[in-house]
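First up is the structure itself, then whatever we jot down about it.
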2 protein chains.
Amino acid sequence: MASLTTKTGQVIDRQLMESMLRRRMFYTPSFEIYGGVAGLFDYGPPGCTLQANIIETWRKHFVLEEDMLEVDCSVLTPHEVFKTSGHVDKFADWMCKDPKNGEILRADHFVEAILEARLKGDKEARGEKVEEKEEDPKKKKKKVKSEAVKLDDKVRQEYEEVLAQLDNYDGEQLGQLIKKFELKNPATGVEPSPPVPFNLMFQTAIGPSGQLAGYLRPETAQGQFLNFAKLLEFNMNNMPFASASIGKSYRNEISPRAGLLRVREFLMAEIEHYVDPEGGKKHPRFDEVQHIELTLLDKHTQLSGKTTVKKLTIGEAVATKVVDNETLGYFIARIHLFLEKLGADMSKVRFRQHMANEMAHYATDCWDAELETSYGWIECVGCADRSAFDLTVHKNKTGAPLVVRQKLDTPIVRQEWTVEINKKKFGPSFKKDGKTVEAAIEAATQELREAFAKELQEKGSFTIDVPGVADGKATVDKDLIKIEYTTITEHVREFTPNVIEPSFGIGRILYSILEHNFWTRGEGGDEARGVFSFPPAIAPTKVLIVPLSSNKDFTPIARKIGQKLRALGISSRVDDSSATIGKRYSRNDELGTPFGITIDFQTVKDGSITLRERDSTKQVRADEARVLEAVREIVTGAKTWEDVRGELPVFEAQEVEVRN
Amino acid sequence: MASLTTKTGQVIDRQLMESMLRRRMFYTPSFEIYGGVAGLFDYGPPGCTLQANIIETWRKHFVLEEDMLEVDCSVLTPHEVFKTSGHVDKFADWMCKDPKNGEILRADHFVEAILEARLKGDKEARGEKVEEKEEDPKKKKKKVKSEAVKLDDKVRQEYEEVLAQLDNYDGEQLGQLIKKFELKNPATGVEPSPPVPFNLMFQTAIGPSGQLAGYLRPETAQGQFLNFAKLLEFNMNNMPFASASIGKSYRNEISPRAGLLRVREFLMAEIEHYVDPEGGKKHPRFDEVQHIELTLLDKHTQLSGKTTVKKLTIGEAVATKVVDNETLGYFIARIHLFLEKLGADMSKVRFRQHMANEMAHYATDCWDAELETSYGWIECVGCADRSAFDLTVHKNKTGAPLVVRQKLDTPIVRQEWTVEINKKKFGPSFKKDGKTVEAAIEAATQELREAFAKELQEKGSFTIDVPGVADGKATVDKDLIKIEYTTITEHVREFTPNVIEPSFGIGRILYSILEHNFWTRGEGGDEARGVFSFPPAIAPTKVLIVPLSSNKDFTPIARKIGQKLRALGISSRVDDSSATIGKRYSRNDELGTPFGITIDFQTVKDGSITLRERDSTKQVRADEARVLEAVREIVTGAKTWEDVRGELPVFEAQEVEVRN
């Protein structure tokens, strides 16, 4: 693929960027002095603040803007909940073991790595140009060395076909591929064992008895679903509404890698928007976003083997059924706006629709916001219509009323055969089978009930098929039951809402935003000085305060400016080190600090200060109060730097290198 | 104990308050529809926002105010880290099992519950007045019924003495007490098994092999310590400095109880302040807090069996060595100010010093901020001087340089016997004992080294005692080593900083703040209407917008006011339900919403709105812009309600009950 470039058109030098991220402690491997643990990272001061600012932006953009009900639910979750949700049985990857060295391999990554290496070797042998494909963090455990061996044309084609649909194979099929192609672990030359499922949830025991199995949640959604009835009541029974949650989730990845992109502990932000399934899932604020143009990669395009994107407004996309419904479309557009606010390079953002085989069976439609990075296209936000699946399974399991009951303006009147059981006599009469027989009667169709009523009247009893009891039948006497044709007036409509779920991986977004905002000043090599051009709203520190020298008069001024900024809610930092002004600004370009305030001898005389903008390095000069107000206006989004530059006098001093 | 009263002097009706907390979904048992799990809670919308506001206040008060380095570290932690920190061996409670019904009992709670029941029965038998002691959430699994049986005077005294020092007994001693007093589980009449230690950390396995044991951290501190060297570098080697962290921690309590006060998953906020152990641990900003008067319960008072508090300024407390040093004192005072900011009733706040037996052996001094609630005095913040313990153990285990190296202005010149080992020959010569022999030589005193040097010169070798090698001795030849009297010039001083650790349990603080701010309007019983008088800064919603009726003209005005408040960063909610104005305000008193804005017909005419204050229910009326500015000023702390009441015209309408 073509090399990825920065916003300024430079080829992205990931190595330079990552060394800067390490050096400035944006993030760092956890427990590094103990040798580290794969897939676990700590955020250092700038990363931690960047993360907090992304979360704060998310909260304002989604939760506050739409009065969502934010909740904070337990991470520790008992077995039963994830058994019901399907995670205990299905939340797994396929894993193989090398019988010789015990190495554990993720089956799909293993197959892919070896076939790709063979294809690469084939190209080399044929003298074809080999493109260095960037590693995809979501796949491949490690690079496998290729040897220049020419393949049969047919084999080559088969390999290519397998790779194209690798996501579709289950464990057995992956095992067959390993056997068929004689895939061996390069480390030992041995074929790994057949793939077995490995559940990705971390397990633990809750309580002192050790008998209550629990998991660390792999997503925040279930806690929200379980509270649905209480949230609906809190919302005074108004529909539609959304709950939201920000919190950590855990996945015991078989082969974590690629920095923040595939980790075992991560911060998520999830929205569960509950909508009436009837009436086409309209959204009341859809008109506010319908004009927004999105980059879409739909499933039909992907099915035809292409990745050509379409540019459509979300209004057109919903009208032409590319996107299933308004509510889903509304959130896709809102996600687009959110990423824009964070400073994503929108030429590197696309919404990719899930293919049928990628989606859970119950999902109606699903789109991922993918951000392009040097690791490839990274899924950062999922936006799925999960239908009524989640609420239904929990309702069925627990009997809790995870439903909406709406008063009908016009009651519905209908007649039907109703069953009334004499509980006092029924139970003792059937003993242990009582519940089963009762359930069978409740489940009987209107036709059957009518027949039973007739039988009761004629014979004083009726017989019903009940699988699971002795003889498979039960006879019910008339003193145990009444079956009558009754008029029913329904004043209330009861339904299970559908769930639209926008789900954000904060760490992946954070990493992608880092890459999208990275560029260098100077001409590459050792001279290149890295810059993060974060939007002011998410920059970890907003203002660097720089006294020109260590002159004593400057110190109290610097401190006072810091206090004033703090009172405005704006984070700042004083750098009164002896480094040159240029060096001090450089250091803060690496942290993405958007503004610099210089205090010089003129400041002592007349109270004026200069304000420097990070990306342009242009400066203005005015009295302190005006400059601080300008900073406040830019940080809160009321004005842009361009506005301020037009309003305040330009300052054209060269960047003098003054040592104290 | 005397009944606890609200700020308004009413007896606290905890039942009323808790039913309100449940009804308004401040928090709720997690997984309730699955029967719940003890010690796990979800925060609903108001609780979640209250928690976020407490965290935000904490971040401003501590992190931003002092430029602390905030980090976000992994919760999942490998075994080795907690082995080194001592948690694997010592982070345990004593637990007994009932051999008959399998019930698990926390040994100290069990002993206490039974002895207290016997003492109560004794008082009843003697006809003495029995005070209903409130349950202490940190103790007692459940109440044990007392029987009116008189005890021997001596036995009674013994029981009382045991209860007074229950925290001092280890498992064996608790087991002896159970045997001696024939303590039986009331549920079965059987004596429980001898106490065994139960480690409170949740365990799990990291990675697919299942071989890397890990724990959920029980505190956030270790992650900060492990990053010390990187943080020091990030801080450009400046001392003192602090790191800080906000995040979840986990403790597998044997008997969680008392709502949010003893739970298994909880949010913590911790500061690790690193200070030079030399020079008396002064703090540069101590003069800013020294006048602050605190309520102190020191260890000497407690040793004498009393709970009489002292009122001292922190300046006096440090000067008289009641509090060990300035840095510890500085943080105690800052914690006091923080709790005040959150709206704690300061007459129910005390700082209690740990007794020698409560502290870890390495701790120098430790004070808990305790808040009085209907459950007793609750430890909400710990503030400990942990000496150099943590950094030292991790440094010793890993070899990582968790030290500060400071350039000396005047180099220190001294002469000493230095050892230089010939690594190439030394290892092969001693084989597996090499490291042990080398360590013994390195550890040798100056006197010994001098003797060795003499021996080397005279005999060409020397002999040294080395415990752990064969014969317990090793002979070292002169071609393996040089021992010389050398002049050493030290330009750098190296030391391990001491750690002052203020550690906040956010859930306990949140619960205590709820109780401290609760009161009722009306005269008790069914008429009592609950109010939470949160300070505006932490109230979940700041403004309730109330259109007088459902008149269509009011709707756009309400929406616009909401948007304007949002732009000012102030959360609001519109209640346009058909309930009476009084009822709508009442509902929001329960959520602690400090301000109400009413839109009426006058608003449509002249743009004026009324502003109502929650606690006084007083109102002012002015044009929209002035009212919104007043709200902003109060929420940011620039003004008080009293200021605003003096500035804006009072509005004296009765609370008319208008239905739409």
Side-chain angles (χ1 to χ4, degrees), chain A residues 24-25 28 30-34 37-38 40-45 47-49 51 64-65 67 69-78 80-81 95 102 104 198 202-209 212 214 216 223 226-227 230-231 234 236 248 250 252 254 264-265 394 398 400 566 571 573 577, chain B residues 24-25 28 30-34 37-38 40-45 47-49 51 64-65 67 69-78 80-81 95 102 104 198 202-209 212 214 216 223 226-227 230-231 234 236 248 250 252 254 264-265 394 398 400 566 571 573 577:
Chain A
R24 304 317 303 270
M25 214 186 167
T28 180
S30 301
F31 320 111
E32 200 171 24
I33 66 172
Y34 278 85
V37 175
L40 296 179
F41 289 89
D42 294 343
Y43 288 93
C48 186
T49 310
Q51 176 182 264
L64 292 185
E65 182 62 35
D67 277 346
L69 305 184
E70 191 180 338
V71 295
D72 181 12
C73 302
S74 290
V75 171
L76 280 171
T77 305
E80 205 60 15
V81 171
M95 129 182 136
I104 286 169
F198 173 72
F202 286 98
Q203 198 171 353
T204 191
I206 304 174
S209 75
L212 182 59
L216 305 188
L226 300 191
N227 280 307
K230 287 177 199 164
L231 290 166
F234 185 85
M236 301 197 271
K248 282 204 173 169
Y250 296 81
N252 198 3
I254 295 173
R264 287 176 168 153
E265 175 173 331
H394 290 302
T398 62
R566 203 180 295 142
S571 62
R573 214 161 254 274
S577 71
Chain B
R24 306 314 305 270
M25 212 185 167
T28 180
S30 301
F31 320 111
E32 200 172 24
I33 66 172
Y34 278 85
V37 176
L40 296 178
F41 289 89
D42 295 344
Y43 288 94
C48 186
T49 310
Q51 176 182 264
L64 293 185
E65 182 62 34
D67 276 347
L69 305 183
E70 190 181 337
V71 296
D72 181 13
C73 302
S74 289
V75 172
L76 280 171
T77 305
E80 206 60 15
V81 171
M95 127 182 138
I104 287 168
F198 174 71
F202 286 98
Q203 197 172 352
T204 190
I206 303 173
S209 75
L212 182 58
L216 304 188
L226 300 189
N227 280 308
K230 288 177 200 166
L231 289 167
F234 184 86
M236 301 196 270
K248 282 205 173 166
Y250 295 82
N252 198 4
I254 294 173
R264 288 175 168 153
E265 174 172 332
H394 289 302
T398 63
R566 204 182 293 144
S571 62
R573 214 161 253 273
S577 71

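The analysis underlying the following values was restricted to heavy atoms, covering all of them including side chains, and did not include hydrogens, waters or symmetry mates. All chains are named by letter (A, B, ...) in the order of the sequence lines, taking the proteins before the strands, and each is independently numbered beginning at 1.
Of all heavy-atom pairs between A/Pro45 and B/Leu69, the closest is CG-CB, 3.6 Å. Across every non-hydrogen atom of B/Lys248 and A/Val75, the tightest pair is NZ-CG2, 4.3 Å. Closest heavy-atom contact between A/Leu64 and B/Arg566: O-NE, 3.8 Å. Across every non-hydrogen atom of A/Met95 and B/Pro208, the tightest pair is SD-CB, 3.8 Å.
For A/Glu70 (side chain) and B/Cys48 (main-chain N/O), no donor-acceptor pair under 3.5 Å exists by modelled atom type.
For A/Asp42, the side-chain hydrogen bond (donor to acceptor under 3.5 Å, both in side chains) partners two or more places apart in sequence, or in a different chain, are A/Ser30, B/Asn227. Not a single salt bridge (charged side-chain N to carboxylate O under 4.0 Å, His left out) links A/Arg573 to another residue, sequence neighbours left out.
Rounded to the nearest 0.5 Å, atoms CD1 (B/Ile33) and NE2 (A/His394) are 7.0 Å apart.
Top candidate by heavy-atom pairs under 4.5 Å with chain B, chosen from A/Ser571, A/Ala400, A/Pro78, A/Gly44, is A/Pro78. In terms of non-hydrogen atom pairs under 4.5 Å with chain A, the most contact-rich of B/Glu80, B/Gln203, B/Lys230 is B/Lys230. Contact tally against chain B (heavy-atom pairs below 4.5 Å) for A/Leu212, A/Ile206, A/Val37, A/Asp67: the top residue is A/Ile206. Of the listed residues (A/Ser577, A/Cys73, A/Ser209, A/Gly47), the greatest number of heavy-atom pairs within a distance under 4.5 Å of chain B belongs to A/Cys73. Highest contact tally toward chain B, considering only A/Leu226, A/Leu76, A/Leu216, is held by A/Leu76 [criterion: heavy-atom pairs under 4.5 Å]. Chain B forms the most heavy-atom pairs under 4.5 Å with one residue out of A/Gly223, A/Ala205, A/Gly214, and that residue is A/Ala205. Highest contact tally toward chain B, considering only A/Phe198, A/Phe31, A/Phe234, is held by A/Phe31 [criterion: heavy-atom pairs under 4.5 Å].
Interface residue A/Phe41: only backbone heavy atoms are found under 4.5 Å from chain B. For a residue to count as touching a neighbouring chain, one of its non-hydrogen atoms must lie under 4.5 Å from one of that chain's; by this rule A/Val81 touches chain B with backbone and side chain alike. At a 4.5 Å heavy-atom cutoff, the contact between A/Leu231 and chain B is made by backbone and side-chain atoms alike. Both the backbone and the side chain of A/Ser74 come within contact range of chain B, with heavy atoms under 4.5 Å apart. Both the backbone and the side chain of A/Glu65 come within less than 4.5 Å of a heavy atom of chain B.
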